[in-house]
Every structure is written in C-alpha cells, then in structure tokens.
> 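Right, I'll just put the structure down here and ask away after.
Since the structure is predicted, the reported quantities are computational estimates derived from the model, not experimental observations. Counting starts at 1 for both ligands and their atoms, following the listed order.
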Amino acid sequence: MSFTKTSDKKAEGAAKTEPKVKKIKGAEKTLAFQVPKGMHDVLPADQPWWNRTRRAVEEMAATYNFLRIDTPILESAELFQRGIGEETDVVQKEMYMLKTKGGDVLALRPEGTAPLVRAYLQHGMSRLGQPLRLYYEGPFFRHERPQAGRYRQLTQAGFEIIGGPNDPIFDAQVILVFDRLLKYVKIGDVVLKINSIGCRICRPFYKRQLQTYYKRHEQKLCADCQRRLNANVLRLLDCKNENCKPFKEHAPNFLDKLCSACSQHFKGVLEYLDELGISYSLDNQLVRGLDYYNRTVFEMMVQQGPGAELGALLGGGRYDYLFEELGGRLTPAVGGAVGYERLIEAMKAQKVNLPAKNQKRVFVIYVGELAKRKALKLTEQLRSAGLAVTEAFGKESLRAQLKIADKEGFSLALILGQKEIYEESVILRDLRNSLQENISMSKMVDEIKKRLKEK
Ligand code: AMP
C-alpha cells in the first residue's frame with residue numbers, strides 16, 4: 001500500500017528517504033524517530049483531560065439519547081469526493097489517500113458525517129425509529145499546515161439527528177447538546193455563530209449575485225478566491241486573507257435572499273434558541289468548509305481572552321441533500337462535530353479545574369522481605385474489596401515509600417511489617433498528620449473505607 005496526499009504525489013517517495021535525525025529538547029540523546037508532523041502523543045499527564053472530554057461526550061449522548069456508531073478509519077476516497085465536494089480544501093488538499101494492492105482507492109477519513117450517512121444507507125437505518133440520533137467519536141486525518149489548534153490527526157465527536165420531518169427544532173436540539181457540552185467542561189465566554197446558506201432553490205440565485213459582485217473586484221482578490229470565484233463562490237465569504245476582507249464586508253447578505261421556506265426554517269431555529277435562552281450572533285460570512293451543508297450552519301468559539309485564538313471549537317449544520325448525493329433518498333439531517341484537541345486546549349487556557357477523583361485510594365507500604373511477599377497478596381485483597389491501591393514494590397526503605405505516597409498525594413497508608421504479620425494486623429497511617437494506629441486484618445477493609453469516606 002502507498003499513502004499519498006491528494007495534491008502532493010511527491011509524498012510517494014517520502015517513505016524511501018532516511019528518517020531525519022533531530023535532537024529533541026530535554027531528550028537524553030539524539031533520536032532517529034519522532035511523531036509525524038502535525039500528530040501528537042497523548043502522554044499520561046494529559047490523559048485526565050482526555051478522559052474528562054470523553055466522559056463529557058458520553059454524558060451528553062446518554063442525556064440526549066444519542067446512540068453510538070463506529071465506522072472504519074478508512075473509506076472509499078470517492079465517498080468524500082462526492083460527499084464533501086471536489087472543490088473543498090478537505091478533498092482537494094488535505095485528504096490522505098492510499099491505493100490498496102487490489103487497486104481500491106481509499107482515504108483516511110477526514111470527517112465523520114459522510115461515513116455516517118454511508119452506514120445509515122448501507123444498513124437500512126431508515127427502518128429504525130426516525131429521527132435517529134447517532135453519535136461517534138474517534139481520530140480523523142487532514143493534511144493541513146500544522147499550527148495552534150490545527151493538527152493532521154485530530155479527534156472529533158459528532159452528534160447527528162437523522163430523518164423525520166425537516167423541523168427546525170432538531171437544528172436547535174443539536175446546538176443545545178453542544179452548548180450543554182461546553183458548559184459541562186466549564187468553557188466560558190462562548191459565542192454561537194449562526195447563519196443560513198439556503199437550499200437548492202434560493203442558493204443558485206444568491207451565488208449568482210455573489211459572483212456578479214465579486215467579479216467587479218476579481219483582480220484584487222487573493223489567488224484562492226480568484227480560483228473559487230467560479231467553482232465555489234460561497235467560500236469567498238470565509239477567506240481569511242487580509243486583502244479580501246473589505247470585499248466580504250460589502251458582499252450581498254444571504255439572509256436577505258433566502259426563499260420563504262428557508263427563511264421560515266431559520267426563523268424557527270432562532271425562536272427555539274431564544275426559548276432555550278441560548279444567545280447567538282448572526283454571521284452572514286459563516287459558510288463552513290464542507291459542501292454538503294444547506295440551511296442552518298453554526299460554529300461555537302471562545303469570544304475573547306484565553307482560548308479565543310483557537311478558532312471554532314465545534315461546528316455543524318444541516319445536510320439534507322447528502323443522502324441523495326450518496327445514493328439514498330432525500331433525508332432531513334442536522335449535526336455537528338467538536339474537536340477534542342481544541343476543547344482541551346481551551347479548558348487549559350481558561351484554567352478549568354478537573355473534578356477531583358472521587359476514588360478510594362490507599363498506599364500500601366511494606367517493611368522487610370517477608371512483608372514484601374505478603375504485601376502483594378494484601379494489595380489484591382484490597383483491590384477485590386473495591387479500593388484503588390498503589391505501592392512502590394521496587395523501594396525497600398520505609399522512608400522512600402512514604403516519600404512517594406506523599407508526593408502522589410495520598411492521605412492514607414497501610415503499613416505491613418514482620419510484627420504485624422505475626423499479629424495478623426496492619427498499621428493505618430494518616431499521612432496528613434502522621435498519626436497511626438494498629439488495626440486487625442479482619443477489620444482492615446471496613447476501617448479504610450470508613451476513613452476515606454470521612455475525608
Ligand atoms: P469541521 O469538521 O471542519 O467542521 O471541524 C469541526 C471541529 O473539529 C472544529 O471546530 C475543530 O474543533 C476540529 N478540527 C477541525 N480541523 C481540525 C484540525 N486540523 N486540527 C484540530 N482540530 C480540528
């Protein structure tokens with residue numbers, strides 16, 4: 001198998017070149033291998049942040065009755081070309097593609113909605129109760145230029161409401177789930193940006209108006225905008241190039257040009273949001289980077305201060321036509337996806353406190369060879385009783401073991417020496433005040449649990 005990036009066939013030869021030797025800051029010696037550019041290891045120290053994020057997603061799924069679906073990391077490349085759109089950056093520049101020995105052209109999934117729709121159609125899920133609420137999470141891949149909050153392997157969770165009537169209540173409900181998710185992880189000062197990009201009826205008219213408007217300024221636009229002017233004119237509205245900014249400001253506003261059905265739908269979404277007390281900011285330049293959206297599109301980001309530099313934490317919208325595009329029937333659907341990396345960076349930037357672990361933790365210390373032998377079994381006894389036990393079996397001295405228990409923030413230690421073994425007892429030591437007491441082994445578990453509950 002060989003991997004290629006969509007636009008860069010040169011990458012084909014990359015695997016054959018020698019790995020670059022680079023001195024890593026803080027590493028003991030020069031290393032031949034390091035994590036690929038734009039990808040990252042999640043080290044143990046960061047795992048609590050990831051657990052927090054995964055837990056939050058699972059809580060939301062359980063609270064709002066979303067069912068989990070997992071699809072493969074690899075899909076047919078054509079699924080994304082057809083689904084996301086040939087003219088999008090994701091398909092044109094960012095997809096990792098590979099050719100199998102059997103000649104299939106597959107892609108590392110760059111996003112989760114097209115695979116989800118593929119699975120929905122393939123498994124005849126329209127037969128299930130509609131609308132169907134599905135969620136997914138996992139790694140995605142985009143060959144983007146790495147920068148703060150932008151990686152080549154990213155992790156997303158998506159919440160999608162599929163089927164049933166084309167009702168604005170579902171757009172509001174998806175937004176509600178994400179609003180609640182951000183509140184759950186305690187990210188503050190968030191703004192919801194929302195727009196409508198119409199339907200098959202009103203969009204062509206608007207696009208023509210936009211083209212006419214931009215054609216007048218064609219020579220002054222950046223190269224990307226000039227290229228997209230004919231192919232994908234809506235994307236000119238979210239061009240980040242400074243030179244193009246003034247033109248965006250005076251561009252015709254889609255919200256003034258929506259057909260009456262789209263206008264009604266959008267009004268409905270906003271009314272539901274008002275009802276829920278979710279504030280929003282109308283943003284007529286919000287078009288999103290994937291072609292499958294119609295009507296509602298939204299993003300949430302930190303408005304200002306720490307975390308604002310990360311850009312959108314999440315985004316989504318309605319994609320009623322994607323099912324037809326992939327061979328199914330017109331099926332109303334709306335959803336969105338949140339990026340874990342950005343969510344975690346925003347939590348850190350805003351100095352969110354992770355909830356303290358409510359675990360019953362005890363540190364087991366042994367003194368002497370015989371006690372060491374018994375301690376292994378004792379720790380198992382305690383674990384079977386539901387306690388989280390830590391020990392430092394490699395350290396022989398009492399002082400060294402106490403030091404570790406202290407460093408790791410334990411408040412309770414259990415000490416086992418030769419004398420205790422003969423007496424069938426243990427010493428319970430309160431590490432905060434160094435007071436200790438001899439307890440019979442038969443009462444040990446109850447006593448530990450009692451003391452941990454008091455803390
Ligand atoms: P999208 O699939 O482009 O609508 O993105 C949804 C969310 O995924 C964004 O708001 C980000 O939080 C996250 N995301 C998208 N692309 C990247 C990336 N290259 N690196 C990290 N996170 C990303």
> Taking atom types as modelled, find out whether E111 and Y292 have a side-chain donor-acceptor pair closer than 3.5 angstrom.
yes
> Distance to 0.1 Å, residue and atom name: give those for the protein heavy atom nearest to atom 20 (N) of ligand 1.
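Here the closest protein heavy atom is Y151 N, 2.8 Å.
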> Can you tell which of R82, R118, R109 makes a salt bridge (charged side-chain N to carboxylate O under 4.0 Å, His left out) with E75?
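So, applying the salt bridge (charged side-chain N to carboxylate O under 4.0 Å, His left out) to E75 and each of R82, R118, R109, only R118 qualifies.
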> Is ligand 1 under 4.0 Å from a heavy atom in the side chain of Q156, in the backbone, in both, or in neither?
side chain
> Answer with yes or no whether R288 contacts ligand 1, where contact means a heavy atom under 4.0 Å from a ligand atom.
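Yes, that is the case, since the closest heavy atom of the residue is under 4.0 Å from the ligand.
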> Using a 4.0 Å heavy-atom cut-off, which part of E111 comes near ligand 1: side chain, backbone, both, or neither?
neither
> Can you tell me if E341 contacts ligand 1 (heavy atom of the residue under 4.0 Å from the ligand)?
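Contact check E341 vs ligand 1: negative.
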> How many angstroms lie between atom CD of E218 and atom CD of Q211, to the nearest 0.5 angstrom?
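Spacing of CD (E218) from CD (Q211) equals 10.0 Å.
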> Short list, please: which atoms of ligand 1 are under 4.0 Å from a heavy atom of L154?
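Matching atoms, with element in brackets: 14 (N), 15 (C), 16 (N), 17 (C), 18 (C), 19 (N), 20 (N), 21 (C), 22 (N), 23 (C).
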> Under 4.0 Å, heavy-atom basis, I'd like to know which part of L313 is in contact with ligand 1: side chain, backbone, both or neither.
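The part of L313 near ligand 1 is the backbone, not the side chain.
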> Among all protein non-hydrogen atoms, which one is nearest to atom 13 (C) of ligand 1, and what is the separation to 0.1 Å?
G339 CA, 3.7 Å
> Specify the protein heavy atom at minimum distance from atom 21 (C) of ligand 1: its residue, its atom name, and the distance to 0.1 Å.
G149 O, 3.2 Å
> I need the atoms of ligand 1 closer than 4.0 Å to a non-hydrogen atom of A312, numbered in the order shown.
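Heavy-atom distances to A312 below 4.0 Å select 9 (C), 10 (O), 11 (C), 12 (O).
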> Decide, yes or no, whether a salt bridge links D320 with R200 under the criterion of side-chain N to carboxylate O below 4.0 Å.
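Between R200 and D320 there is no salt bridge, as every charged N stays at least 4.0 Å from the carboxylate O atoms.
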> Any N/O of L314 closer than 3.5 Å to an N/O of ligand 1?
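Yes, at least one N or O pair falls under 3.5 Å.
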> Is the ring pair F363/F410 parallel, tilted or perpendicular, if the boundaries are 30 and 60 degrees?
perpendicular
> Considering only non-hydrogen protein atoms, determine which one is nearest to atom 2 (O) of ligand 1 and report residue, atom name and distance to 0.1 Å.
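Going atom by atom, the protein heavy atom closest to atom 2 (O) of ligand 1 ends up being R142 NH2, 2.8 Å.
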> Would you name the heavy atoms of L182 and M300 that are closest together and state the gap between them?
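Scanning both residues, the minimum pair turns out to be CD1-SD, 3.8 Å.
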> Judged by atom type as modelled, is there a donor-acceptor pair below 3.5 Å linking the side chain of K186 to the main-chain atoms of N353?
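Judged by distance alone, no pair lies under 3.5 Å.
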> Please work out which of Q147, E94, R342 has its closest non-hydrogen atom nearest to atom 17 (C) of ligand 1.
R342
> Any donor and acceptor pair, going by atom type alone, linking the side chain of K257 with main-chain N or O of P252 inside 3.5 Å?
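Answer holds: no.
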> As an exercise, identify every atom of ligand 1 less than 4.0 angstrom from a heavy atom of A337.
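Under 4.0 Å from A337, ligand 1 has these atoms: 6 (C), 7 (C).
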> Give the ring-plane orientation class for F323 versus Y319, where under 30° counts as parallel, over 60° as perpendicular and anything between as tilted.
parallel
> Can you report which non-hydrogen protein atom sits closest to atom 19 (N) of ligand 1, along with the distance?
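Going atom by atom, the protein heavy atom closest to atom 19 (N) of ligand 1 ends up being E144 OE2, 2.6 Å.
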> What distance do H265 atom NE2 and R318 atom CZ have between them, rounded to the nearest 0.5 Å?
4.0 Å
